[in-house]
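Have a look at the structure below, then the notes.
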Amino acid sequence: GKFDESGEPYRFDNLDRDMFKSWMEIYEREIQPLLNAPQLGLHRLYQGRLAQAIDKYYIHQGALAEFLHLLYLPLEKSLRVMEKKLEELSAEGNLSENFKDYYNMWIKVLEGHYMTLFKSPDYLESLARTLNTVEDFKMARHHILADALQVLPIPTHRDMDELYKEIYLLKKKVKALSSKVENPEFRT
């Protein structure tokens, strides 16, 4: 839709999110129902967890694409501002021979755009959505990994926690018994 239109400098409201919304709507309408279909068979729990992880992955990819697009916007806008400034300087005949002047000018414009972006509610919403989706995906991935490690002769967190508890209780008992043995009243 709006790829050929340039955005206004220092404005980050009414962003074109139709592209990302359309992509996520297609995913939610066409693919997500297939992933959330009830699983059948002996391994339905594992199949369900795998389908859930795939679903969380694609949701995260959509949120991440939107976030990265948002981070790209200040670059685009600052380049457009610099293009206009260079045209004005060229028309006035005030072009500098030192390219570092142009670089410093561009950095100031870019910093202004990023400061404006980082204060915008759209940025905060996109960042929060991206972080939430990556957390959901990591949890789903963790469940799959735990299921896969369950069949291998590798101790799980639960096994290790039980072992640590047993060692702690044994140390406590040995300490209590050794204090009784070292006690002079116990010897007589």
Side-chain angles (χ1 to χ4, degrees), residues 1-81 106-107 109-165:
K2 298 183 180 179
F3 283 119
D4 60 339
E5 296 177 12
S6 64
E8 294 179 39
Y10 298 104
R11 295 286 311 255
F12 290 98
D13 51 348
N14 299 326
L15 296 174
D16 180 25
R17 292 194 176 170
D18 294 337
M19 175 176 51
F20 301 106
K21 283 184 182 179
S22 298
W23 185 59
M24 288 309 294
E25 285 173 3
I26 291 170
Y27 171 76
E28 289 170 358
R29 188 177 59 241
E30 303 293 330
I31 298 170
Q32 200 172 36
L34 297 173
L35 293 172
N36 291 330
Q39 304 297 320
L40 303 172
L42 294 174
H43 299 289
R44 64 180 172 267
L45 175 68
Y46 306 119
Q47 292 170 357
R49 285 189 178 169
L50 183 61
Q52 184 184 24
I54 292 169
D55 181 41
K56 300 295 182 190
Y57 174 76
Y58 282 115
I59 290 172
H60 169 63
Q61 289 300 308
L64 184 63
E66 182 181 351
F67 181 70
L68 291 176
H69 175 71
L70 210 57
L71 286 179
Y72 164 73
L73 287 176
L75 283 170
E76 179 187 358
K77 291 176 184 259
S78 65
L79 288 174
R80 299 224 189 258
V81 168
W106 176 67
I107 290 296
V109 171
L110 186 62
E111 284 177 349
H113 280 109
Y114 271 113
M115 287 192 315
T116 306
L117 173 68
F118 293 154
K119 293 177 184 177
S120 72
D122 288 333
Y123 170 78
L124 294 176
E125 289 171 16
S126 181
L127 178 62
R129 187 172 32 260
T130 303
L131 293 175
N132 288 335
T133 59
V134 76
E135 179 186 11
D136 293 343
F137 171 64
K138 282 190 169 195
M139 289 301 295
R141 189 180 67 184
H142 174 74
H143 290 302
I144 290 174
L145 187 60
D147 290 341
L149 291 177
Q150 208 171 23
V151 298
L152 298 174
I154 298 173
T156 62
H157 285 294
R158 189 178 325 152
D159 295 338
M160 292 304 293
D161 288 343
E162 289 173 5
L163 186 61
Y164 290 143
K165 183 178 179 182

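If you read the sequence from its start, that first residue is 1, and numbering goes on from there.
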Just how far is it from atom [atom1] of [X] to atom [atom2] of [Y], taken to the nearest 0.5 Å?
| X | Y | atom1 | atom2 | result |
| --- | --- | --- | --- | --- |
| Gln32 | Leu35 | CD | CG | 7.5 Å |
| Asp122 | Leu127 | CG | CG | 12.5 Å |
| Leu149 | Ile154 | CG | CD1 | 5.0 Å |
| Gln52 | Met139 | CD | CE | 10.0 Å |
| His142 | Asp147 | NE2 | CG | 9.5 Å |
| Ile54 | Asn36 | CD1 | CG | 11.0 Å |

task = May I ask you to decide if the ring planes of Phe137 and His60 are parallel, tilted or perpendicular, using 30° and 60° as cut-offs?
result =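 Ring orientation of Phe137 relative to His60: parallel.
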Over all heavy atoms of both residues, which pair between [X] and [Y] is shortest? Give the atoms and the distance, please.
| X | Y | answer |
| --- | --- | --- |
| Thr130 | Ala63 | OG1-O, 3.3 Å |
| Gln47 | Leu40 | OE1-O, 3.3 Å |
| Ala140 | Ala53 | CB-CA, 3.7 Å |
| Gly62 | Met24 | CA-SD, 3.9 Å |
| Leu70 | Ser126 | CD2-CB, 3.7 Å |

task = Give a yes or no answer on whether the side chain of Asp55 reaches the backbone of Ala51 with a donor-acceptor pair at less than 3.5 Å.
result =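 Not confirmed, Asp55 side chain does not pair with Ala51 backbone.
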ask   = Backbone N or O of Ile26 within a donor-acceptor pair of the Glu28 side chain at under 3.5 Å?
value =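 Not a single qualifying donor-acceptor pair exists.
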Report yes if the side chains of [X] and [Y] come closer than 4.5 Å at any heavy-atom pair, otherwise no.
| X | Y | result |
| --- | --- | --- |
| Arg80 | Lys77 | no |
| Trp23 | Glu66 | no |
| Phe118 | Leu71 | yes |
| Trp106 | Leu79 | yes |
| His113 | Thr116 | no |

Counting only heavy atoms not in [X] (residues, nucleotides, ligands), do more than 12 fall under 6.0 Å from its [atom1]?
| X | atom1 | answer |
| --- | --- | --- |
| Arg158 | CZ | no |
| Leu42 | CG | no |
| Tyr27 | OH | yes |

query = Glu135 and Lys138: side chain to side chain contact (heavy atoms under 4.5 Å, CB included), yes or no, with the steps?
reply = CA-CA 5 Å; Glu135 179 186 11; Lys138 282 190 169 195; 5.8 Å; no
